[in-house]
Amino acid sequence: MSNILVETPLHHMADAFMTLSGGGINIHEADMVSHLNLRGCASDSSFMKAAQKTLGFALPVVPNSFSGHDESAAYWLGPDEWLITTNDIAVEDALRVALKGHFAVTNITGGQTIISLRGGASLEILQKSSIYDFHPSKFKVGNCVQTTFAKAGALVVKKADGSFNLIIRRSFADYIGRWLLDAAREYS
Amino acid sequence: MLKIHCPYCDEQREEEEFSYSGEAHISRPLDPGALSDADWADYLFFRKNTRGWHHEMWQHSAGCRRYFNVTRHTVTYEIFESYPMGTTPKALPKGDAR
Amino acid sequence: MGRYSVFSLMKNALSYHENWQAAWHSPKPKKHYDVIIIGGGGHGLATAYYLAKEHGITNVAVVEKGYLGGGNTARNTTIIRSNYLWDEASQLYELSMKLWEGLSQELNFNVMFSQRGVLNLGHSLQDMRDIARRVNANRLNGIDGEVLGVAEIQKIVPLLNCSPTSRYPVLGASWQPRGGTARHDAVAWGYARAAAAMGVDLIQQCEVSGIRTSAGKVVGVETSQGFIGAPKVGCVVAGNSGVVAAMAGMRLPIESRPLQAMVSEPLKPCLDTVVMSNAVHGYISQSDKGDLVIGAGVDQYNGYGQRGSFHVIEHTMQAICELFPAFSRVRMNRQWGGIVDTCPDACPIVSKTSVQGLFFNCGWGTGGFKATPGSGYVFADTVAHDRPHPLAEAFTIDRFTSGALIDEHGAAGVAH
Amino acid sequence: MSLENTQKNRLAIGGRIDRSRALSFTFNGKRYSGFLGDTLASALLANGVDVVGRSFKYSRPRGIMTAGAEEPNAIVQLGHGAATIPNLRATQVALYDGLEARSVNGWPNVNFDLTRIFSLFGRLMPPGFYYKTFMGPKKLWMFYEHFIRKGAGLGRAPTVRDPDIYDRINQHCDVLVVGAGPAGLAAALAAARTGARVIIADEQEEFGGSLLASDVNIDGKAAAHWLAVTLAELAKFETVTMLPRSTVFGYYDHNFLTIAERCSDHIALTNDKAARQRIHRVRAREVVLACGAIERPLVFAACDVPGVMLAGAVSTYINRYAVTPGKGLILFTNNDRAYETALHWHASGRQVVAVVDSRHNPQGDLVQKAAAKGVKVLTGHAVIEVLGGKRVKGAMVAPLSADGSKLTGQAKALQCDTIASSGGWNPVVHLSSHTGAKPIWDEEIIGFRPGKSTQAERSVGAAAGTYDTASCLAEGDASGVQAAINCGHSAVATSYNVTGETAAGPAQALFLLPHGKPTSRAPYQFVDYQLDVTAAGIELAAREGYTSVEHVKRYTAMGFGTDQGKLGNINGMAILARKLNQTIAETGTTIFRPSYTPTTFGTIAGRDVGELFDSARFTAVQHWHEQAGAKFEDVGQWKRPWYFPKTGEDMDDAVGRECLAVRNHVGILDASTLGKIDIQGPDAAEFLNRVYTNAYLKLAPGKCRYGVMLGEDGMIFDDGVTACLGENHYLMFTTTGGAAGVLNWLEIWHQTEWPELKVYFTSVTDHWTTATVTGPNARKVIAKVCSDIDLDGDAFKFMDWRDGTVSGVKARVFRISFTGELSYEVNVPAHYGRHVWEKLIEAGAEFGITPYGTETMHVLRAEKGFIIVGQDTDGSVTPYDMNMAWVVSSKKSFSFLGKRSLDRSDCTRTMRKQLVGLKTMDPLDVLPEGAQIVNERNAPIPAAMQGHVTSSYYSACLERSIALAVVKGGLDRLGEQVFCPLADGRVIAAEIVSSVFYDPSGARQNV
C-alpha cells in the first residue's frame, strides 16, 4: 500500500505552523492515529471489564478526564461515550470481539485530527479561542474537555508534559488552523 | 450570559456550550391518532411561557451532547437546579427569586 | 386639543412656551367602559385611536402598567417595510405601510416616517431564490419591490462590503423603496394624543392582575387601581401575552424571548438606507440624530428580563464589521433588550378567544413596530364587530389547530 | 517657538506629568505642546484653549467641563483617513507625540461658528419641536430630514476598512475588582493575599483614582507613596491580573462582565504589531464595584460658558497635571469637600475671587481652613448667572433663602475667569444597575446609591456613597476579605491608618438655582450640555404631560448624549421632581445600560472578521478542486464546487458540458458534505421506523432505502438514503445542510422520549470521502479500480451496497443515484479521499470522466424530478404535496413523527400547492427561480398567485428549459397553461407537466 497517498487534514499548513516555532508558541499536527468512538453502559461492569482488558487500561468514568498513555488513550466524552485514540489498528476489531451486548464501536479516524499546542503562550491562545477555564488550578494533567473553539468545537487535552492537544473535526481543521495562526502571530 | 450546570459533566459551563430546547416535561402523546386536532395542537404549539420559575430543556451541544432539564427564573434568569431527563424537579423555592 | 404647526410653535415661543397644553391627561379610571385595551404600547394606543375614529367607540380605557410606549415601542429599531412573503402577511403589512404614509398628517404629530428604502441582502444562491420569490409575490400583490445586483447595491450603500472574496459575499438584494424608519416614541405619543383628544382614557401605572369573567363572558379587569368593568377587553401586551392569557386560564402558542439592540455614538450621515442581512445576521440604519441603530438576534431562551446574553451582541457586531468594515472604529454607545412574543410561524395572532368579549393581538415577534398602524386598525375593527377583520382572518388562533400556519421565517429572517 | 512656553497655565512644579518628555500635537489645525502623562484635555487647558466644541442644538461655544468619562463638551475627532476615530472625549485621550485632534462641531470653526445663527431661533426649538412641525405637505418630511440629518451627528465615521486588529480573551477569576482607587486597591489586596484569582481593572491611564491627587497619609506614607508600594505588592502575585486603561463596560447575568482594554491608544492611532484594543470576557465568582463617584454641577443660567468646570476636575488638573486653568476663581458649592478646590487653586499661586456657598452657616474644617487662608467666603449666596461668551468673564451672585428656593436680594457681578461648581456627588451605580438592581435615592448622601444586589456583587467606597479615604480603604478591605471567603479562601482583615483628612460637614440638597426670572424665561439653565437640554425644557415636558422620567428623557433627549447623562441626569430628575411636587425617590431614575462608556465595534467583534468571520468547512478533495479551477458555492458553512469551467467557458457552457458528460459518458461529484450518521443497536430499526415516514423494519443487510423525515408538524424537514450495514447497524445519509439538525433530532427523541430503545448515534460525516461516479460508463470506471466486488447488474443491484477495495483502499460502495444514471457512490476514509478521487479520475480518463459541481447535480436531479429539501420545499409542504405519497407508510403501527399532523384539516384540503413540472412554451425561455405563477396572462394586481417556480434550468440533454414548481392543485392540472409575470415586464407562458422530465421508468439507473 506504499503507493497510497495519505493526507491528514492539516498537511497543507505544516509550513505555516513551522514559521511560528521559536516563539512563545509551537503548533503542529500530530502523526495520524486511529480514532474510535466507543459507546456503552458505564454501569455495566462486564462491558467496562472487557474494554479494560482489550485496551490495557480502564475507561475513564470521571467526567472530563482521560486514561491511557501516548500510544493509546481513552477520553471521556459523555456518560456512555468515549473517544479512543490508538496507533494499534487492531484495537477496533479487538473491541468488537471482546464487547458483548449493547455497545457501539465506530471508526472515525478519517474525520478527526490532533493539533499539538506547546509553549508559554499556549494557555493564552486557548483563552482567546475558548470559553472554558483552562487555568492550571482547574484544568490539570489528565483532564480533557469538549468545548467551543472559536466558531467550531474541540476536545482539549492537558498532557503530562503540560502541553495541550486539540482533537478536532477534519472539515473544520483548515479554519481552526487559520484561527491559531492568527491568534499566535503576536507571540512568534 | 448564563452559567449552566451540566449534570453529566458535573460542571458549571458557559451558555455558549448549550442549546435551549424549550419547555420541559411535555411528553409525546402515546396515541396521537386518538387525539382531537385541538389536543394535538396543544401538544404541538401551546406553551406555558411562564413568567417566573420555568422548567426547560437544554442540550450540552458543545460538550457531552446530553439533554437535561433546568429550573430557571425567566425574569431574574437565576438558575435553581439542573436535573437529568426522566427525573423530577425539586420543589420550587418559596416566592420569587433573589 | 391645540393643533401643532409652525405657527402654534411661534405663538407659544412668544409666551416662552408657558401655555402648551398637555398632550394627554392621566385620569383616574371610571367604573365602566365599553372597551378596555390592556397595554399602552403603540399597538394598544393605535387600537384605541381607531376604535374612536373608525368605529365611534370613545368610551375606551387603555390601561398600562408602566408608562405609555415604554415596552417594545421604546426598544425596537424602527424599521418599516411590507415586503413579506405570503399574501396574508404582506397584505396586512401593506395596509400598515399605507397608513404610515399619511400618519403624521392624520395624527397632527410628526412621527418622522422616513421612506429611505430597505435592502434585504442575499448571500447564497438559496437566499437569492427566496428573494426573487418574495419580490415577485410582492409585485403581484401591488407592493413595491425590486431585485438588485451588487453594483446597484453598492451605489445605494457605498460603505457596504461587496467584495466577492468576503466569507459570505453579497450576491444581491431585495429593495423596497417605500420602506424606511420612523421615530418610535413619537408613534406612541401621537396615537396617545389623538386618542385622548377623542375621549379615550389613558391610565398609566395601572397593572392588570386579573381578568374577570362570568358565564364565559368577560366582565372587566382587576387592576392595581381597582376593578374596571367592560364587556370587551383587548389584550395588546406583546411579551407579556402569556401572563395575561394565564389570567383568563388560557395558553397561547407563544414564547417570550429577549431581543437586543444597540446604538452607536452620533455620526455625520454615512448610511442613507436600511440594510438587513439574514445570512450574516445583522441589520442597521442611521437615525436622524446620527446614531447607527443596530438590531441583534433573538436570544435562545425564554426571558422576561429585558436583558440578553453578550455573545449575541458579539455576533451582531461581527456581522456589522463584516458588512461595514469602515464602522469597526465606531463605538457602541448604548445597548438594551426587549421582550418579543414569538409564534411558531413568525406571524401574529389577531383573534377572538374562547372567552366571549376577550380578544388578543400578539405574537408580532420581532416585526411589531412596522405593523403598529395596521395592527391597531384591524384589531379595532375585530373588537368593534366581534369578528375578524377580513385582513385578520388568516391570523386567528385557530390556525394552530387547523394547521394553516403562515410560515414567514424566511421573510422575517433576522429579528427586525 | 519653543514647546514649553505655549503652556501658559502649566505650573512650574508638581503634578504627575513628565516635564522631560515634551509632546507636540495639533488641535483644530493649530500646533501645541504638552507632556507625557497629559490627557488631551489637560494639555489644551495648559495651553489656554477655551473653546473646544459647539453645542448640538444652539451651537453655543463650549469648554472642558470635567476630567473624566462624564465630559459632555470636549468631543474630538482623532487623526484622519482610515484610522480616524470619532467622538473621543479629550478628557480620556492620553496625549502622545503627533496626536491630531479636531472639534466635531462648529462651522467653519469652533471660534467663529456660522451655525451659531441657529441659536437666534433657539426659542423656536423647545423640546419636541420636531414632533409639532415639518408635517406637511405629505412626504415633504424627506426634504426637511435631509437638512436635519446634515446638522445632526458628532464626528465622522471612517470610509475605508479599519487597519487595526482587535482581540478577545476569556478570563475566569474569583474576584473582579472594578476601579483602582483606594477602595478598589484595598479590596484587591485583601483578596490577593488569600491566594484568590483576582482581576483589577481601571479605566484610567494609571491606577490610583483619588490617591493620584490626594493630600492624605496612609500608614504614615504619603498617598502617592502608599499607592506605589501597594501596586508593587499586587504585581508580585501570579494570581493577580492588573488592567489599567481598561473599562468595565458591561455587567451581564451570572457575574459575567466585559472589559475593553485600550492596548495601544496611548501610544499611537494604530497598532501594526498586535491588537489595538482587546476585550476581556470575565466570569467572576465575586465582584467588587469600586468605580467611584461623579461630581454633580449646580444648574444656573449660562452655566455652560467655557471656564465653568466641576470643582473636582479643577483640583485634578492642578494636582495631577500641574495645570491651573485660569487666573481668577469663583468656587460655587453646596458642600464642604469642594472647598479643597479653592485651597488647591490658592496653593497654585492664583487668585481665589470668592467661595460662594449656598449654605447659610457652614461650619466644616475646610470652611475654616479656607477662611484662615484669607479666602473670601460668601455664605447663603448663589451664582445665578454667568457672564461671558467664549470664556467666563464674571458671575452674578445673589443672596439665597435658606432652603435655596428663592433669591433674597439684589444680584451683584463678581469678576473671574473660572467658576468651579459643585452640587455634590453621584455614586457610579451604572454597573450595578446593569444587573437589574434599582438605584435607591439616599437623602443622607443626596444621591442614588446602588440598589439591592441581584448577583454576587458589592459596591464600596465612593460608588456606595462613602467619600473619605479612611472609610474607603476599610470598606474595600472588608469587601475583598468577604469576596475571598465566599470563594473558599481564608482571609484576615487589614486596618489602615489614615491621617491628614478633614471631616466634612453636612451638604445642602440643591440642584437648580433660582434666577430673577422664572425658569421658562431665564437665560438657558443647562442640565444636559451635549444635547442642550435646559431646566425650562424639562419643565415644558412635564407641562405637556410627559411626566414619567422615561418620557422626559425621551422627549427632551436628556441623557442620550455620549456621556449617557452621567453629568446631568440627576439634576434633571430633581428639577422634574420639583415641577411635579414629588420627591426624587418618587420620581425615580432612568435605567443605566451598557456600555458604561462607548465601546469600539471592532473590539466587540474581536478576531471573528474577514476570513475568520465564520468557519469554512472543506472536504478532503478541496485542494484538487481548487487546482481544477472550480468555482465554489456556500452551502451552510461548506464550500462546495459549484462548477468546473474550462478556459473560455461561462457557467452555462460548463454546466451544459458537465450534464451531457454524465448523461452520455460518466461524471464524478464530491458528495462528501452529505451528513452521515452511524446508527447501531438492537432497536435501531424500530427507531428508524419512528422517525421516517416509510417502513424500515424489513430493510435487509446490503440494501438501501430512501426516506423522508417530517417535523411533528407534518412538514418535510430532511430526506436521504439509509443503508442497512448489518444486523442492528445502519448508516443514514442526510442533506448537507441538515446534518447537525438531524443528529440532534435523533438524539432528542432518544434521550427525552424513547430512552428505552437500545440505539447509539455517531456522526461520521467527516470520516468519509464520498465520490459519486455516475453515467453510462460508471461501471467500467469502477471495474478498473475495484476487483473484489462483483459489479454485475444482477449481483450488485440498484439500491444495494457492498464492501470492497477501491484502488487499494477499503471502501464502501453504494448503488444509489441522484442523477438517474447508473451510479456508484464510493466511500473511503477521508485521509484516503484525495488518493481515491485521483485514481477514479485516472481510471475514468479513457471514458471521458468529468468532474461536476452542485449546479450540474441540481440540473440532473431536476430532470428526474428529485426534490432538494430547502429549495423545492420551504417548511410548509408535506410528502403528499411533493407527490410522494409512496414514501408514506400507512401500515406502520407506530404513529411516526409528524403523522398526526398530516390529518389536520389544512393538510387534507384540496388546492394545496403540489409539486409539478413546468415546460415553457418557448423551449429556450428559462423561467427565473422564484417566479410566481398566475392563471391569466394579464392578471390584474393584486393577482391570485397559484404557486411559484422552485427550480429551473436549461437542460442540455433535453435541449429545452425545465422547471419544478409548486402549484395549487397542480397534480390535477397537468396540461393546463399558466403564466409567470416577471419584474422586467415579460410574461412567460408555461404548461403544467409531470415533474419527471427524463427517463420516467428509471431504466437508466437500473442497469
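Quantities reported herein were computed from a predicted structural model and do not represent experimental measurements. Chain letters run A, B, ... following the sequence lines, proteins first and then strands; every chain starts at 1.
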Atom NZ of residue position B:Lys3 - does it have more than 12 heavy atoms of other residues, nucleotides or ligands inside 6.0 Å?
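For B:Lys3, atom NZ is crowded (more than 12 foreign heavy atoms under 6.0 Å).
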
Interchain contact, [X] with chain B, by part (heavy-atom threshold 4.5 Å):
{"X": "C:Leu405", "result": "side chain"}
{"X": "C:Ile254", "result": "both"}
{"X": "C:Arg257", "result": "side chain"}
{"X": "C:Asn240", "result": "side chain"}

If you count heavy-atom pairs under 4.5 Å with chain B, which of C:Pro344, C:Cys343, C:Gly242 comes out on top?
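Of the options given, most contacts go to C:Pro344.
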
Could you tell me which portion of [X] (side chain, backbone, both or neither) has an atom closer than 4.5 angstrom to a non-hydrogen atom of chain C?
{"X": "B:Thr50", "answer": "backbone"}
{"X": "B:Asp39", "answer": "neither"}
{"X": "B:Leu2", "answer": "both"}

Aromatic contact, B:Phe18 with C:His311 (centres under 6.0 Å)
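Between C:His311 and B:Phe18, which both carry aromatic rings, the centre distance is not below 6.0 Å.
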
Backbone of C:Glu255 reached by a side-chain donor or acceptor of C:Thr342 within 3.5 Å
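Confirmed, C:Thr342 side chain pairs with C:Glu255 backbone.
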
Taking atom types as modelled, is there a side-chain donor on C:Ser256 or B:Asn49 under 3.5 Å from an acceptor on the other?
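C:Ser256 vs B:Asn49: donor-acceptor pair found between side chains.
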
Check: B:Thr74/B:His54 side-chain N/O donor and acceptor closer than 3.5 Å
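No, because no side-chain N or O of B:Thr74 sits under 3.5 Å from a partner of the opposite role on B:His54.
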
Salt bridge between B:Glu23 and B:Lys48, side-chain N to carboxylate O under 4.0 Å?
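The answer is yes: the pair qualifies as a salt bridge.
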
